[in-house]
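Take this structure, written in C-alpha coordinates, and hold onto it; I'll ask about it next.
Fair warning: this is a prediction, and the values are worked out from it, not measured in the lab.
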Amino acid sequence: GNRTGENGVVVKAGDTIRVDYTGKLENGTVFDTSREDVAKQADIYNANRAYEPLTFVAGAGQMIKGFDDAVIGMKVGEEKTITIPPEEAYGEYNESNVLAIPLEELNMSKTPEVGDTIGDIYGRQFKVVAVNNTHVTIDLNSELAGKTLIFDIKLDSIE
(Lines give C-alpha, C1' and ligand atoms only; values in the text may rest on other atoms or scores of the structure.)
Protein backbone atom coordinates (compact mmCIF):
# COMPACT_ATOMS: atom_id res chain seq x y z
CA GLY A 1 0.00 0.00 0.00
CA ASN A 2 1.01 3.63 0.18
CA ARG A 3 3.45 4.60 2.87
CA THR A 4 1.87 7.25 5.05
CA GLY A 5 4.31 9.45 6.92
CA GLU A 6 7.28 8.16 8.89
CA ASN A 7 5.05 6.83 11.67
CA GLY A 8 2.99 4.52 9.53
CA VAL A 9 5.94 2.63 8.06
CA VAL A 10 6.53 -0.79 9.53
CA VAL A 11 9.04 -3.47 8.63
CA LYS A 12 7.86 -6.12 6.23
CA ALA A 13 9.70 -9.11 4.82
CA GLY A 14 12.16 -8.05 2.15
CA ASP A 15 12.90 -4.63 3.68
CA THR A 16 16.53 -3.77 4.33
CA ILE A 17 16.69 -2.51 7.89
CA ARG A 18 19.20 -1.36 10.50
CA VAL A 19 18.84 -2.44 14.11
CA ASP A 20 20.76 -1.91 17.30
CA TYR A 21 20.72 -5.03 19.42
CA THR A 22 22.06 -6.61 22.57
CA GLY A 23 21.95 -10.38 22.97
CA LYS A 24 21.90 -11.90 26.46
CA LEU A 25 21.65 -15.32 28.02
CA GLU A 26 18.93 -16.01 30.58
CA ASN A 27 21.41 -15.31 33.40
CA GLY A 28 21.96 -11.82 32.00
CA THR A 29 25.38 -12.44 30.43
CA VAL A 30 25.76 -10.30 27.31
CA PHE A 31 27.22 -12.38 24.45
CA ASP A 32 26.87 -9.90 21.60
CA THR A 33 25.83 -6.30 21.02
CA SER A 34 25.99 -3.63 18.34
CA ARG A 35 26.38 -0.93 21.00
CA GLU A 36 29.82 0.13 22.12
CA ASP A 37 28.69 1.35 25.56
CA VAL A 38 27.00 -1.97 26.29
CA ALA A 39 30.04 -3.95 25.08
CA LYS A 40 32.34 -2.00 27.41
CA GLN A 41 29.97 -2.43 30.32
CA ALA A 42 29.69 -6.18 29.69
CA ASP A 43 33.46 -6.49 29.28
CA ILE A 44 33.21 -7.93 25.76
CA TYR A 45 34.45 -4.82 23.97
CA ASN A 46 36.52 -5.58 20.88
CA ALA A 47 38.58 -2.67 19.55
CA ASN A 48 38.72 -4.25 16.08
CA ARG A 49 34.99 -4.20 15.67
CA ALA A 50 32.83 -1.39 14.34
CA TYR A 51 29.97 -0.85 16.77
CA GLU A 52 27.08 0.31 14.62
CA PRO A 53 23.55 -0.85 13.86
CA LEU A 54 23.35 -4.15 12.01
CA THR A 55 21.98 -4.00 8.47
CA PHE A 56 20.08 -7.00 7.13
CA VAL A 57 17.12 -7.97 4.99
CA ALA A 58 14.11 -8.76 7.18
CA GLY A 59 12.58 -12.19 6.72
CA ALA A 60 15.34 -13.39 4.38
CA GLY A 61 16.87 -15.93 6.74
CA GLN A 62 20.06 -13.91 7.24
CA MET A 63 19.37 -13.90 10.98
CA ILE A 64 18.22 -16.60 13.36
CA LYS A 65 14.50 -17.24 12.93
CA GLY A 66 13.32 -15.70 16.20
CA PHE A 67 15.17 -12.47 15.48
CA ASP A 68 13.94 -12.39 11.88
CA ASP A 69 10.34 -12.86 12.99
CA ALA A 70 10.56 -10.25 15.74
CA VAL A 71 11.44 -7.29 13.53
CA ILE A 72 8.46 -7.72 11.19
CA GLY A 73 5.93 -5.02 12.00
CA MET A 74 8.31 -2.84 14.02
CA LYS A 75 8.33 0.94 13.50
CA VAL A 76 11.45 3.10 13.28
CA GLY A 77 12.61 4.03 16.78
CA GLU A 78 10.62 1.22 18.39
CA GLU A 79 12.38 -0.90 21.01
CA LYS A 80 11.47 -4.33 22.22
CA THR A 81 12.86 -7.23 24.19
CA ILE A 82 12.35 -10.71 22.77
CA THR A 83 13.01 -14.15 24.18
CA ILE A 84 14.02 -16.74 21.62
CA PRO A 85 13.89 -20.46 22.42
CA PRO A 86 16.77 -22.65 21.14
CA GLU A 87 14.76 -24.05 18.25
CA GLU A 88 14.33 -20.54 16.83
CA ALA A 89 17.92 -19.60 17.65
CA TYR A 90 20.92 -21.92 17.31
CA GLY A 91 19.09 -25.20 17.76
CA GLU A 92 19.18 -27.77 20.52
CA TYR A 93 22.51 -29.07 21.72
CA ASN A 94 23.31 -32.13 19.63
CA GLU A 95 25.59 -34.79 21.08
CA SER A 96 26.30 -36.17 17.61
CA ASN A 97 28.06 -32.89 16.82
CA VAL A 98 30.87 -33.83 19.20
CA LEU A 99 33.50 -35.60 17.13
CA ALA A 100 36.81 -37.30 17.88
CA ILE A 101 39.34 -36.75 15.11
CA PRO A 102 42.62 -38.66 14.81
CA LEU A 103 45.54 -36.31 15.46
CA GLU A 104 47.25 -37.19 12.17
CA GLU A 105 44.17 -36.09 10.25
CA LEU A 106 44.32 -32.66 11.82
CA ASN A 107 47.67 -32.00 10.27
CA MET A 108 48.60 -29.32 12.81
CA SER A 109 52.09 -28.30 13.83
CA LYS A 110 51.26 -28.59 17.51
CA THR A 111 48.65 -30.56 19.35
CA PRO A 112 45.73 -28.33 20.32
CA GLU A 113 44.71 -27.98 23.94
CA VAL A 114 41.30 -28.13 25.56
CA GLY A 115 39.62 -24.76 25.17
CA ASP A 116 41.46 -23.95 21.94
CA THR A 117 39.49 -23.08 18.87
CA ILE A 118 40.57 -24.70 15.65
CA GLY A 119 39.47 -23.71 12.19
CA ASP A 120 38.84 -25.84 9.13
CA ILE A 121 39.58 -24.98 5.52
CA TYR A 122 36.13 -23.43 5.19
CA GLY A 123 36.85 -20.92 7.94
CA ARG A 124 34.50 -22.51 10.45
CA GLN A 125 35.66 -22.53 14.05
CA PHE A 126 35.36 -25.49 16.38
CA LYS A 127 35.99 -25.77 20.08
CA VAL A 128 38.41 -28.40 21.38
CA VAL A 129 36.73 -30.18 24.31
CA ALA A 130 39.15 -33.09 24.88
CA VAL A 131 42.60 -34.22 23.78
CA ASN A 132 44.41 -37.52 24.28
CA ASN A 133 47.44 -39.19 22.66
CA THR A 134 45.59 -40.20 19.52
CA HIS A 135 42.52 -37.99 19.12
CA VAL A 136 41.27 -34.47 19.47
CA THR A 137 37.58 -34.13 20.34
CA ILE A 138 35.84 -31.10 18.89
CA ASP A 139 32.38 -29.74 19.48
CA LEU A 140 30.62 -28.50 16.34
CA ASN A 141 27.67 -27.13 18.29
CA SER A 142 27.37 -23.38 18.43
CA GLU A 143 28.29 -22.05 21.86
CA LEU A 144 24.70 -20.82 21.91
CA ALA A 145 23.16 -24.20 21.03
CA GLY A 146 20.48 -25.28 23.50
CA LYS A 147 20.28 -21.81 24.99
CA THR A 148 17.33 -19.45 25.24
CA LEU A 149 18.45 -16.03 24.03
CA ILE A 150 17.12 -12.64 25.03
CA PHE A 151 17.56 -9.74 22.64
CA ASP A 152 16.93 -6.06 23.20
CA ILE A 153 16.36 -4.64 19.73
CA LYS A 154 15.74 -1.13 18.50
CA LEU A 155 14.78 -0.40 14.92
CA ASP A 156 17.19 2.29 13.74
CA SER A 157 15.93 2.70 10.18
CA ILE A 158 14.20 1.10 7.22
CA GLU A 159 16.42 1.73 4.20
Side-chain angles (χ1 to χ4, degrees), residues 8-101 106 112-131 135-159:
V9 179
V10 298
V11 176
K12 52 185 195 331
D15 286 345
T16 298
I17 62 171
R18 287 164 54 92
V19 297
D20 258 323
Y21 69 91
T22 297
K24 294 183 274 216
L25 303 177
E26 286 177 294
N27 65 7
T29 303
V30 174
F31 62 83
D32 190 20
T33 182
S34 62
R35 297 176 46 188
E36 188 169 337
D37 56 332
V38 174
K40 285 181 171 165
Q41 226 174 331
D43 215 18
I44 58 167
Y45 178 72
N46 173 356
N48 300 321
R49 170 171 174 180
Y51 286 91
E52 57 189 23
L54 178 73
T55 303
F56 70 100
V57 179
Q62 296 175 357
M63 305 293 291
I64 56 173
K65 184 178 186 313
F67 197 102
D68 232 357
D69 291 350
V71 296
I72 303 293
M74 283 183 77
K75 295 188 171 102
V76 172
E78 184 181 340
E79 298 184 45
K80 64 162 127 171
T81 298
I82 55 173
T83 300
I84 306 178
E87 59 273 18
E88 290 187 7
Y90 292 89
E92 293 297 347
Y93 188 86
N94 186 345
E95 289 294 342
S96 66
N97 282 338
V98 179
L99 307 176
I101 300 173
L106 271 180
E113 293 172 26
V114 173
D116 281 359
T117 303
I118 57 178
D120 68 7
I121 55 172
Y122 305 107
R124 294 178 299 200
Q125 300 285 313
F126 307 119
K127 203 161 183 171
V128 176
V129 291
V131 180
H135 288 77
V136 172
T137 304
I138 59 173
D139 189 344
L140 309 184
N141 288 290
S142 162
E143 290 195 15
L144 298 172
K147 293 187 163 57
T148 294
L149 308 181
I150 296 155
F151 280 95
D152 295 324
I153 51 181
K154 178 178 181 183
L155 184 61
D156 182 67
S157 62
I158 300 174
E159 303 292 300

Review point. Do Leu54 and Arg18 touch side chain to side chain, with heavy atoms closer than 4.5 Å?
Key: no
**Study point:** Heavy-atom closest pair, residues Thr148 and Pro86
**Key:** OG1-CD, 3.6 Å
Review point. Between Ile118 and Leu106, is a side-chain contact (heavy atoms from CB on, under 4.5 Å) present by the stated rule, with each step listed?
Key: CA-CA 10 Å; Ile118 57 178; Leu106 271 180; 4.0 Å; yes
Review point. Who are the side chain to side chain donor-acceptor pair (under 3.5 Å) partners of Asn46, not counting sequence neighbours?
Key: none
Exercise for review: Apply side-chain contact (heavy atoms from CB on, under 4.5 Å) to the pair Asp20 and Ile153, showing each step before the final yes or no.
Suggested key: CA-CA 6 Å; Asp20 258 323; Ile153 51 181; over 6 Å; no
Point to revise | Any residue meeting side chain to side chain contact (heavy atoms under 4.5 Å, CB included) with Asn141, in chain and number order, not counting sequence neighbours | key: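 Only Tyr93, Asn94, Asn97, Val98, Asp139, Ala145 meet the side chain to side chain contact (heavy atoms under 4.5 Å, CB included) criterion with Asn141.
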Review point. Residues in salt bridge (charged side-chain N to carboxylate O under 4.0 Å, His left out) with Lys147, at least two apart?
Key: none
Check your understanding: Looking at residues at least two apart in the chain, or sitting in another chain, which of them share a ring pair (Phe, Tyr, Trp, His ring centres under 6.0 Å) with Tyr21?
Key -> none
Review point. Looking at Leu155 and Val76, what are the two nearest heavy atoms and their distance?
Key: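 Heavy-atom minimum between the residues: CD2-N, 3.5 Å.
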**Study point:** More than 12 heavy atoms of other groups within 6.0 Å of Glu78 CD
**Key:** yes
Review point. Should we count CD of Gln125 as having more than 12 external heavy atoms under 6.0 Å?
Key: yes
Practice item. Taking ring pair (Phe, Tyr, Trp, His ring centres under 6.0 Å) as the test, write out the residues that go with Phe151, two or more places apart. Key: Phe31, Phe67
Review point. Considering residues at least two apart in sequence or located in another chain, which fulfil the salt bridge (charged side-chain N to carboxylate O under 4.0 Å, His left out) criterion with Lys24?
Key: Asp152
Point to revise | Gap separating the OG1 atom of Thr22 from the NZ atom of Lys154, nearest 0.5 angstrom | key: 11.5 Å
**Study point:** Selection residues 28-51 - residue pairs positive for salt bridge (charged side-chain N to carboxylate O under 4.0 Å, His left out), sequence neighbours left out
**Key:** Asp32-Arg49, Arg35-Asp37, Glu36-Lys40
Revision key, fill the gap. Residue set satisfying salt bridge (charged side-chain N to carboxylate O under 4.0 Å, His left out) with Lys80, at least two apart, ordered chain then number -> none
Check your understanding: Less than 4.5 Å apart, any side-chain heavy atom of Thr137 and any of Val128?
Key ->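 Thr137 does not reach Val128 side chain to side chain.
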Check your understanding: Which distance, rounded to the nearest 0.5 Å, do you find between the OH of Tyr45 and the OG1 of Thr33?
Key ->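 Reported to 0.5 Å precision, the distance equals 12.5 Å.
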Point to revise | Step-by-step side-chain contact (heavy atoms from CB on, under 4.5 Å) determination, Leu149 to Leu25 | key: CA-CA 5 Å; Leu149 308 181; Leu25 303 177; 3.9 Å; yes
Check your understanding: If you take all heavy atoms of Pro112 and Val136, which pair is closest and at what distance?
Key -> CG-CG2, 3.9 Å
Check your understanding: Can you tell me how far the CD1 atom of Ile150 sits from the OG1 atom of Thr83, to the nearest 0.5 Å?
Key -> 4.5 Å
Check your understanding: For the atom pair OG1 (Thr55) and CD1 (Ile17), what is the distance rounded to the nearest 0.5 Å?
Key -> 9.0 Å
**Study point:** Heavy-atom pair with the smallest gap, counting every atom of Gly66 and Ile82
**Key:** O-CD1, 4.0 Å
Practice item. Can you sort out the partners of Ala13 under side chain to side chain contact (heavy atoms under 4.5 Å, CB included), two or more places apart, ordered by chain and number? Key: Ile72
Check your understanding: So Val129 and Val114, side-chain contact (heavy atoms from CB on, under 4.5 Å) or not? Walk me through it.
Key -> CA-CA 5 Å; Val129 291; Val114 173; 5.7 Å; no
Point to revise | Closest non-hydrogen atom pair between Glu92 and Glu87, with its separation | key: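 Smallest heavy-atom distance, with atoms named: OE2-OE1, 3.6 Å.
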Point to revise | Residues forming a side chain to side chain contact (heavy atoms under 4.5 Å, CB included) with Glu113, sequence neighbours excluded | key: Asp116
Review point. For the atom pair CZ (Arg124) and OG1 (Thr117), what is the distance rounded to the nearest 0.5 Å?
Key: 14.5 Å
Check your understanding: Partners of Ala60 by side chain to side chain contact (heavy atoms under 4.5 Å, CB included), sequence neighbours excluded?
Key ->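 Counting only residues at least two positions away or on another chain, Ala60 forms a side chain to side chain contact (heavy atoms under 4.5 Å, CB included) with Val57, Gln62.
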**Study point:** Partners passing salt bridge (charged side-chain N to carboxylate O under 4.0 Å, His left out) against Asp68 (at least two apart in sequence or in another chain)
**Key:**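 Asp68: no salt bridge (charged side-chain N to carboxylate O under 4.0 Å, His left out) contacts found.
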Exercise for review: Can you measure from CD (Glu88) to CG (Asp69) and round to the nearest 0.5 angstrom?
Suggested key: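 Going from CD on Glu88 over to CG on Asp69, the span is 6.0 Å.
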